[in-house]
Every structure is written in structure tokens, then in C-alpha cells.
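Reviewing the structure listed below.
Order of the sequence lines sets the chain letters (A, B, ...), proteins ahead of strands, with each chain counted from 1.
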Amino acid sequence: MDGRCVRLRQDGSLLHYSGADESFVRHYLALDLDLDRVLAAIDRDPVMGAAISCCRGLRVVRQPLFECLLSYLCATNTNIPAVRHRVEALASRYGEPVTGEGEIHAFPSSNALLGATEDDLRACRLGYRARFARTAIATVLADAEWETAVPLLSHDEARARLLDLPGIGPKAADCVLLYALGHLDAFPIDVWIRRILARHYRVELEDGPLSPSLYEAARAFGRDRFGPYAGYAQVYLYGARALLCRA
DNA sequence: GTCCAGGAGTGAT
DNA sequence: ATCACTCATGGA
């Protein structure tokens, strides 16, 4: 993460770490955020209560912007193992090796990916996303201020900038807002969250494609119900998806 | 082989 | 504004 290889191990309430200093670990895991207070704020109903019981301790990390952006561009209409393959392929081909860690490569910077052609990205198993990724990388790099300016924008302004990028739609934009830009009220709607909202919260989301207006309705519901930490609510519901979606 | 995955772009109504 | 169609890939 961010050019380092950090190893973490938890036993009880004790967290062991190596590969980074304490301030990095605290920042990446957002240990400065009072988790109990956050969970109390979103614990508004029995469904959320069950998700919290299921996942207590889960945190929204603070991911580097470019890494997060490309990762979610690789995550559209696919599954987690495939995304992991893509991210690892990008890292091993374009990322700097982490010193002292033989096989481990960092996620590449935007500059490191500048030389990657669409075919190169296809070779990293991005499939049809390779064209979007190529353009998104070029767009980010065309504005020297992009990566430093976007984190300073408001939620809505940053979302608009993300949506300008090809291959980044509402879902991926909301994930970047939440996991990289610290907008903890972002509420991404994926197929699992959609299912959970329909089944447990009676949100009208008939099956079939999730249209932009339905996406917006689901997003508004989540943000309205769970408030400033709606993103945490989303993460806990997602984490409990196996529990909440069975039968 | 078929179906589903942390969706999004395009082009026709 | 709202369909219908298409887009690689991997795991079950």
C-alpha cells in the first residue's frame, strides 16, 4: 500500500505491525476515528444491528487516490478474485518493487502507467476496460493538478470530476469518494447492496438493470437513513451480505 | 456449458 | 429520459 509492504497481525486488542511506522498504520486504518461512535450513529434498526454484530471492528481504510481509482475501474461487472488478478498484474508489471520484499510490487503511480498501451493493459486482464483505463490515466495525467486538487474538493465536486473519467460511473465514483477521499457519507450501490435494500428495507428496486434514476433513489435512501456515516453503513451491510442474503 | 460477479458506454426510441 | 445491447474475465 502506497509503496510499502505492511504486515499486520491482530491478537485480541493488540495490533502488531511491521513495514511502516505507527503514524502510517494509524492513518491508513483510520484508527483516529472513534469506531464506537460511528457504529452508534448508524445502528438504527435490527438489520444494521445484525450487520454490526457480524462485522464489528471493520474499518473504512484511507486508500491512495490513484490506486483506488484504477482498482474500481477494474471492478465493474466482475468478481473480486478477477479484480485482484488485475491489480496484481498491474503492480507486478508497472509497480516499483518494494525494497527488501523480493516478489512484492507496489501499485504503480499514474506516471508509471503512462507508458502502458491499451494492449499492455489488456495483457493485465482488464478486458474491455483497457480502453477506459488508458483514457482515464491520460486524463488524470493531462492535468498536473488532478491528483492533488480532487482531494480538496467537496463531495459533490469531487464526484463530478470522477464521473468525467471514462469507465467511472456512479458506483465506482462513490467507492472512490468513500475509500480514498474520506467522504464517509458516500453510499455506493452494488448488486449486493441493492439486494439488501430491496429485501430488508423495502426499497423499490425491481429486478432488471439498475437505471440511473434507480441508482440515485437507492443512494439517496442510504444517505438519508444513515447520515454522515452512511458509507460505514454500506460497508457493514456489504460485509454481512452472506448473512443478509441467504435464502 | 451456463450463470453470475462490488457496471458502464453507446445508440435507438 | 428510458430501454436494449454489448463489453472480457474467472469462479462456481
Side-chain angles (χ1 to χ4, degrees), chain A residues 51 54-55 58-61 63 67-93 116-140 159-181 183-184 186-200 203-223 226 230-247:
Chain A
C54 177
C55 305
L58 179 61
R59 284 172 176 274
V60 173
V61 300
Q63 250 195 316
E67 173 177 335
C68 185
L69 180 65
L70 264 290
S71 299
Y72 280 99
L73 196 155
C74 290
T76 60
N77 191 28
T78 187
N79 51 45
I80 304 278
V83 177
R84 189 160 47 234
H85 285 144
R86 291 168 189 144
V87 169
E88 283 169 3
L90 289 171
S92 69
R93 288 193 47 134
T117 66
E118 185 180 327
D119 281 343
D120 292 335
L121 296 172
R122 247 171 229 286
C124 295
R125 322 307 293 170
L126 296 207
Y128 66 94
R129 304 166 194 80
R131 183 196 325 256
F132 301 144
R134 184 67 219 111
T135 311
I137 292 163
T139 303
V140 168
R159 191 167 193 266
R161 295 293 297 275
L162 294 167
L163 291 174
D164 283 340
L165 301 172
I168 301 294
K171 155 67 168 64
D174 287 333
C175 286
V176 175
L177 289 170
L178 179 56
Y179 298 120
L181 296 176
H183 294 291
L184 299 183
F187 197 82
I189 309 297
D190 58 52
V191 293
W192 295 102
I193 296 300
R194 174 188 184 175
R195 228 165 256 161
I196 291 166
L197 292 184
R199 288 170 79 156
H200 295 285
V203 181
E204 302 271 351
L205 299 166
E206 67 273 11
D207 40 358
L210 187 61
S211 66
S213 58
L214 282 180
Y215 184 96
E216 187 49 37
R219 170 175 176 256
F221 174 85
R223 299 182 71 195
F226 298 110
Y232 262 87
Q234 190 270 3
V235 166
Y236 272 74
L237 292 174
Y238 183 80
R241 66 193 181 285
L243 174 70
L244 296 176
C245 292
R246 95 174 89 173

* What one-letter contact string describes nucleotides 6-13 of chain B from 5' to 3', where B marks a base within less than 4.0 Å of any protein heavy atom, S marks contact via sugar-phosphate atoms alone, and - marks no contact? -> BBSS----
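- Atom NE2 of A/H85 and atom P of C/dG10 are 7 Å apart (whole Å).
- Between the CZ atom of A/R86 and the P atom of B/dA5 there is a distance of 15 Å, rounded to whole Å.
- Taking only side-chain nitrogens and oxygens, A/R129 never comes nearer than 4.0 Å to OP1 or OP2 of C/dA8.
- As rounded to the nearest Å, C/dA8 and B/dG11 have P atoms that lie 15 Å from one another.
- Take A/A51 and apply the side chain to side chain contact (heavy atoms under 4.5 Å, CB included) test, not counting sequence neighbours, and it matches A/M48, A/Y236, A/L237, A/A240.
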* Strand DNA chain C as a dot-bracket string - pairs counted if Watson-Crick or G-U with both distances under 3.5 Å, | where the partner lies in another strand -> |||||||..|||
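- A/R195 comes within 4.0 angstrom of the backbone, heavy atoms only, and of no base.
- Evaluation of the side chain to side chain contact (heavy atoms under 4.5 Å, CB included) rule for A/A116 yields A/Y94, A/L113, A/D120, A/L121 as partners, not counting sequence neighbours.
- Contacts classified as salt bridge (charged side-chain N to carboxylate O under 4.0 Å, His left out) and involving residues 76-87 of chain A (residues at least two apart or in different chains) are not found.
- In this structure, CG on A/L90 lies 8.0 Å from OG on A/S71, to the nearest 0.5 angstrom.
- Straight-line distance between the P atoms of C/dC3 and B/dG6: roughly 26 Å, to the nearest whole Å.
- Between A/L210 atom CG and C/dA4 atom C1' there is a gap of 16 Å when expressed in whole angstrom units.
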Which donor-acceptor pairs under 3.5 Å do the side chains of residues 161-175 of chain A make with protein atoms, sequence neighbours left out?
from, atom 1, to, atom 2, distance (Å)
A/R161, NH2, A/D143, OD2, 3.4
A/D174, OD1, A/R159, NE, 2.7
A/D174, OD2, A/R159, NH2, 3.2
A/D174, OD2, A/Y215, OH, 2.6

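- Between A/R125 and C/dA8 there is no side-chain N or O to OP1 or OP2 distance below 4.0 Å.
- A cation-pi arrangement is present between A/R241 and A/Y238 under the rule of less than 6.0 angstrom and at most 45 degrees off the ring axis.
- Note that CG of A/L70 is 12.5 Å distant from CZ of A/R129, once rounded to the nearest 0.5 Å.
- Summarising the geometry of A/R93 relative to A/A123, their closest heavy-atom pair is NH1-CB, 4.3 Å, with the distance given to 0.1 Å.
- Between A/Y179 atom OH and A/L184 atom CG the span is 11.0 Å, to the nearest 0.5 Å.
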